[in-house]
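Single-structure report; data block below.
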Amino acid sequence: QAGEAVPAAQRSSWTSFLKSIASFSGDLSSMTAPPFILSPVSLTEFPAYWCERPELFAAIGDQHNPEDRALTVLKWFISTLKGQYTSRNESMGSEKKPLNPVLGELFYGKWPDLNGRGQTDLLVEQVSHHPPITAYAIENKSKGIKLVGHNAQKTSFSGGSIIVKQIGHAVLMVKTPSGETEEYVITLPRLRIDGLWYGSPYIELAETSYIISKSYVCTIEYKGKGYFSGKSHSFKAVLTPAPGVSGKDHVIEGLWHTTSKFIGGPRNGKDFHDVTGKKEEVTALGGESGGEMGEFETRKLWSLVAKGIRDGDFETASREKSKIENEQRQRRRDEAAAGTTWQLKHFTHINSDPVFERLSPLAKIVPPTEDFYTFNENWPPTSR
Ligand code: CLR
């Protein structure tokens with residue numbers, strides 16, 4: 001039945017929400033949705049999903065050749081997908097609408113050093129409000145690994161599902177034992193949000209994403225129910241040496257939210273990844289070096305809205321949300337009047353990323369150019 005998972009009192013507002021998304025494409029984040037579908041977490045917290053298995057991230061720095069590094073990067077990448085795309089269903093019963101970050105919103109965190117893996121630091125900044133764009137940097141200094149990226153979304157509606165095209169890419173930088181910096185361009189899969197009719201949305205991944213370095217090109221294909229394995233959350237990854245590089249092909253197949261295996265190449269039949277075990281949430285920090293949270297830090301900024309949503313007190317939630325939005329509008333008016341613009345704290349926008357330009361042709365990505373938010377280097381402060 002339609003709206004099965006929707007509280008009776010919100011059925012008509014859910015139906016009109018669906019109608020409005022069906023006739024609309026662009027920025028979903030700013031649309032008003034019924035209370036039952038609201039999440040108390042802002043999109044600026046999402047980059048933490050990249051590192052919920054910090055030991056897999058750290059392991060990239062321990063490999064001694066390009067082939068093992070490419071495989072370790074792929075294993076870490078696949079292991080992040082469960083958190084990125086299924087964790088709200090696990091913790092809140094369905095996919096939800098996250099809080100829409102304000103310009104300049106910040107999130108700082110870390111995963112502590114344990115068992116010699118080194119500390120990993122996280123920094124997130126909302127670099128655009130309309131359209132929403134979130135930039136992030138994740139670094140394990142002691143292992144010489146740094147991930148910098150940004151993401152935005154273009155949404156449309158098709159066959160009863162929301163289709164989300166992810167805009168933006170990430171660059172992973174790895175210091176190799178020879179002292180060189182090896183770069184990987186990571187592109188992002190397309191999302192389909194199903195289950196809308198019933199009021200219990202969930203994500204399926206679709207199409208293809210890439211991980212490209214100068215030595216290896218990895219093509220990851222995503223399928224849902226009824227395709228190659230017949231199961232939801234299926235993927236197949238093919239890792240091939242770049243033109244002119246000698247090395248072996250590897251083929252991996254499985255379910256990104258559970259396990260996968262090598263199905264071809266020298267390790268045929270061996271297990272590849274397994275995310276059925278425990279993940280490790282980020283430790284949120286106040287400020288860059290871990291003190292009091294400032295007004296723009298996401299958990300402080302949204303605390304009353306989030307509390308309202310958690311407690312089912314939607315009157316408070318929407319009143320507090322309006323306060324934040326009005327304050328933002330006022331800031332923009334003041335800036336316009338003073339002839340100034342908002343200054344980003346940690347990132348600088350560039351129109352074309354040279355790393356993407358260099359590596360994207362290896363996977364024949366069109367267009368071969370994309371903008372980027374480069375990360376200002378002086379971070380993390382040594383104090384934390
Ligand atoms: C953000 C970047 C992360 C991966 C990720 C996971 C879930 C996505 C989110 C991104 C963007 C916003 C998103 C969300 C799922 C639902 C939500 C598309 C890509 C939209 C705005 C809300 C739709 C509302 C329905 C749930 C009703 O690395």
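Start at 1 and go down the list; that is how both ligands and their atoms are numbered. Starting from 1, each residue takes its place in the sequence as its number.
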> Can you say whether the rings of W14 and F36 are parallel (under 30°), tilted (30 to 60°) or perpendicular (over 60°)?
Replying inline: perpendicular
> So which protein heavy atom does atom 9 (C) of ligand 1 come closest to, and at what separation?
Replying inline: L43 CD2, 4.0 Å
> Who's the nearest protein heavy-atom neighbour of atom 8 (C) of ligand 1, and how far?
Replying inline: L191 CD2, 4.0 Å
>> Against ligand 1, does W50 come closer than 4.0 Å with any heavy atom?
In response: no
> Where is the tightest heavy-atom contact between I220 and I211, given as atom of each residue plus distance?
Replying inline: CD1-CD1, 4.0 Å
> In Å and rounded to the nearest 0.5 Å, what is the CG to CE distance from L285 to M293?
Replying inline: 7.5 Å
> Do you see a donor-acceptor pair shorter than 3.5 Å between the side chains of H169 and N151?
Replying inline: no
>> I'd like to know if the side chain of S360 reaches the main chain of P368, judged simply by a donor and an acceptor atom lying under 3.5 Å from each other, with no hydrogens or angles considered.
In response: yes
> Is there at least one protein heavy-atom neighbour under 4.0 Å from atom 13 (C) of ligand 1?
Replying inline: no
> So is Y85 close enough to ligand 1, meaning a heavy atom under 4.0 angstrom away?
Replying inline: yes
>> Just to confirm my output: which protein heavy-atom neighbour is closest to atom 25 (C) of ligand 1, and how far is it?
In response: I162 CD1, 4.3 Å
>> Out of the candidates E325, R332, Q330, only one should pair with Q328 under the side chain to side chain donor-acceptor pair (under 3.5 Å) rule; please name it.
In response: R332
> atom 27 (C) of ligand 1: which protein heavy atom is closest, and how many Å away?
Replying inline: F17 CE2, 3.6 Å
> Any idea which protein heavy atom is nearest atom 16 (C) of ligand 1, and the distance to it?
Replying inline: I193 CD1, 3.8 Å
>> Only heavy atoms of N151, strictly under 4.0 Å: list the atoms of ligand 1 that pass.
In response: 1 (C), 2 (C)
>> Taking atom NZ as the centre, does K82 end up with more than 12 heavy-atom neighbours from other residues, nucleotides or ligands that are less than 6.0 angstrom away?
In response: yes
>> Whether the T86 and Y202 side chains hold a donor-acceptor pair (N or O, under 3.5 Å, no angle test) is what I'd like checked.
In response: no
>> Measuring from atom 10 (C) of ligand 1, which candidate in K97, R190, Q153, R88 has the nearest non-hydrogen atom?
In response: Q153
>> Is atom 19 (C) of ligand 1 touching the protein, meaning some protein heavy atom lies under 4.0 Å away?
In response: yes
>> Under a 4.0 angstrom heavy-atom cut-off, which atoms of ligand 1 come close to L28?
In response: 23 (C)
> What is the ring orientation for Y108 with H346, classed by angle as parallel under 30°, tilted 30 to 60°, or perpendicular over 60°?
Replying inline: perpendicular
> For ligand 1, is there an atom lying under 4.0 Å from some heavy atom of L188?
Replying inline: no
>> Using every non-hydrogen atom in the two residues, find where L301 and I324 come nearest and quote the distance to one decimal.
In response: O-CD1, 3.3 Å
> Can you list the atoms of ligand 1 that are under 4.0 Å from a heavy atom of Q166?
Replying inline: 19 (C)
> Nearest to atom 17 (C) of ligand 1, what protein heavy atom do you find, and at what distance?
Replying inline: P98 CD, 3.9 Å
> Do you see a donor-acceptor pair shorter than 3.5 Å between the side chains of S42 and E105?
Replying inline: yes
> Does some non-hydrogen atom of W14 fall short of 4.0 Å from ligand 1?
Replying inline: yes
> Does an N or O from Q84, backbone or side chain, lie closer than 3.5 Å to an N or O of ligand 1?
Replying inline: yes
